[in-house]
*Asks:* 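Here you go, one structure.
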Amino acid sequence: MTAAPTPRTGPDHHRARPPAPAGAAHAAAPSRPPGGTGHRTTPGGPWLYGPQPAARRAGGPPAGGGTRLPRAVLFDRDGTLVADVPYNGDPARVRPMPTAAAAVRALRARGIPVGVVSNQSGVARGLLTRRQVEAVRERVDALLGPFDVWAVCPHGPADGCRCRKPAPGLVLAACRRLGVSPARTAVIGDIGSDLAAARAAGARGVLVPTPVTRPAETAAARELAPDLLGAVRLVLGESPATGGTP
């Protein structure tokens, strides 16, 4: 198998970023705005949205407990669940990716919790406020959700946090919130950093390549799918695994 490429640590996708859109924020968002529904688990940690762990445990173990089924599936946001609009803070610009709705429906039909793990460095760069990130989250939930958990990293590449992918923090935080083991969790994304975060957390990673996916990332992926529904069928054991160049 081709050696895995060094994960990207720059912008959230490697495509060149345009100038900040009109109306973009010019100051980083506060860590806890009044009335916010999420919170940081630790200073400098990710923003989390979804049921508290105790509430999840009170309802019994998560569904999807068959030997071949994952206990949870986590999706990257931009370029995976929805079209990648650089540093998007406008809910009107959210567009689901092809087969995204069918993919999440297939998981919910089996009682498998679904979540989102997303780098949003626009906050650290002063291009997005927390409220803008939340407004986009709410729109994605309206179109494809609601998701059982969101884990969002608001930090930049130089901040040294433990949550920004390819670090495992987002995956680990989402798994803790859901009360599931990373080893029984699948992460679906479109770039190498998504798979590197899954691997570092001990989770399964599936790549759905897009035009921004580097050839080396595709070649290094252990599991590939042509679209989101194909990726879900793969983690459900309904289709054979395919990988990059051996």
Side-chain angles (χ1 to χ4, degrees), residues 1-18 70 72-88 93-107 112 114-121 136 140 143-144 147 151-153 157 164-168 170-171 174 182 185-246:
M1 179 181 294
T2 304
T6 301
R8 280 169 272 177
T9 56
D12 298 336
H13 279 75
H14 75 266
R15 180 171 58 194
R17 295 293 191 179
V73 175
L74 306 176
F75 295 91
D76 171 55
R77 193 191 84 177
D78 301 317
T80 301
L81 275 178
V82 299
D84 182 23
V85 177
Y87 305 125
N88 182 33
R93 302 183 72 187
V94 173
R95 297 289 183 272
M97 292 291 279
T99 77
V104 294
R105 279 199 305 268
L107 292 166
I112 297 173
V114 290
V116 181
V117 287
S118 180
N119 289 349
Q120 293 299 320
S121 67
V136 170
V140 176
L143 292 171
L144 299 171
F147 288 89
V152 178
C153 173
R164 177 178 169 82
K165 295 177 287 184
L170 290 181
V171 176
T185 299
V187 178
I188 299 174
D190 68 315
I191 61 174
S193 290
D194 299 320
L195 270 60
R199 185 167 55 250
R204 178 181 182 181
V206 179
L207 186 72
V208 179
T210 69
V212 306
T213 310
R214 291 175 174 170
E217 293 172 330
T218 301
R222 297 177 181 176
E223 296 185 278
L224 295 170
D227 55 31
L228 277 184
L229 184 56
V232 165
R233 287 173 173 163
L234 183 60
V235 300
L236 293 177
E238 297 176 356
S239 62
T242 58
T245 303

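From a predicted model like this one, the values you see are computed outputs, not experimental measurements. Every heavy atom of this structure was used, including side-chain atoms; hydrogens, water molecules and symmetry mates were not.
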*Asks:* Below 4.5 Å, heavy atoms only, C-beta onward: do Pro98 and Asp227 meet side chain to side chain?
*Replies:*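 Pro98 does not reach Asp227 side chain to side chain.
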*Asks:* Quick check for you: to the nearest 0.5 Å, what is the distance between Ile191 atom CD1 and Asn119 atom CG?
*Replies:*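 Separation between the atoms: 7.5 Å.
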*Asks:* Using every non-hydrogen atom in the two residues, find where Ala221 and Leu195 come nearest and quote the distance to one decimal.
*Replies:*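 Looking at all heavy atoms of both residues, the shortest contact is CB-CD2, 3.8 Å.
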*Asks:* Out of Val85, Leu144, Leu81, Val140, which one pairs with Val94 under the side-chain contact (heavy atoms from CB on, under 4.5 Å) rule?
*Replies:*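 Per the side-chain contact (heavy atoms from CB on, under 4.5 Å) rule, the option paired with Val94 is Val140, out of Val85, Leu144, Leu81, Val140.
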*Asks:* Applying side chain to side chain contact (heavy atoms under 4.5 Å, CB included), name anything that partners Ala231, two or more places apart in sequence or on another chain.
*Replies:*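 Ile188, Val206, Val208, Ala225.
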*Asks:* How far apart are the closest heavy atoms of Val152 and Gln120, and which atoms are they?
*Replies:*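 Closest pair (atom of Val152, atom of Gln120, distance): CG1-CG, 3.7 Å.
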*Asks:* Looking at side-chain heavy atoms only, is the closest gap between Glu217 and Asp194 below 4.5 Å?
*Replies:*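 Not in contact.
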*Asks:* Search all heavy atoms of Val232 against all heavy atoms of Ala106 and return the closest pair with its distance.
*Replies:*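 Answer, listing the atom of Val232 first, then Ala106: CG1-CB, 4.1 Å.
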*Asks:* Quick check: does any side chain N or O of Lys165 sit under 3.5 Å from a backbone N or O of Asp76, one acting as donor and the other as acceptor?
*Replies:*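 Side chain of Lys165 to backbone of Asp76: no pair is present.
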*Asks:* How about Phe75 and Ser118: do any of their side-chain heavy atoms sit closer than 4.5 Å?
*Replies:*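 In short, these two side chains do not touch, never coming nearer than 4.5 Å.
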*Asks:* Please tell me if the side chains of Ile112 and Leu236 come closer than 4.5 Å, counting only heavy atoms from C-beta onward.
*Replies:*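 Touching, per the 4.5 Å side-chain cut-off.
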*Asks:* Taking Leu229's backbone N and O only, do any of them form a donor-acceptor pair with Thr99's side chain (distance below 3.5 Å, no angle check)?
*Replies:*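 Checking the backbone N and O of Leu229 against the side chain of Thr99, a donor-acceptor pair under 3.5 Å is found.
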*Asks:* At what distance, to the nearest 0.5 angstrom, does CG of Asp84 lie from CG of Asp190?
*Replies:*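 So the gap between those two atoms works out to 7.5 Å.
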*Asks:* Mind checking side-chain hydrogen bond (donor to acceptor under 3.5 Å, both in side chains) for Thr185 and listing every partner two or more places apart, or none if nothing turns up?
*Replies:*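 Thr185 satisfies side-chain hydrogen bond (donor to acceptor under 3.5 Å, both in side chains) with no other residue.
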*Asks:* Report yes if some heavy atom in the side chain of Val82 is under 4.5 Å from a heavy atom in the side chain of Arg77; otherwise report no.
*Replies:*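 A side-chain contact under 4.5 Å exists here.
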*Asks:* Rounded to the nearest 0.5 Å, how far apart are CG of Asp78 and CE of Met97?
*Replies:*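 Answer for the CG-CE pair, Asp78 versus Met97, is 10.0 Å.
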*Asks:* Which pair of non-hydrogen atoms, one from Pro168 and one from Ala201, has the smallest distance, and what is that distance?
*Replies:*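 So the two residues come closest at CB-N, 3.7 Å.
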*Asks:* Residues in side chain to side chain contact (heavy atoms under 4.5 Å, CB included) with Pro209, at least two apart?
*Replies:*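 Checked Pro209 against side chain to side chain contact (heavy atoms under 4.5 Å, CB included); matches are Leu207, Thr213, Thr218, Leu224.
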*Asks:* State, to 0.1 Å, how close Ala203 and Val187 come at their nearest heavy-atom pair, and which atoms those are.
*Replies:*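 Result for this residue pair: CB-CG2, 4.2 Å.
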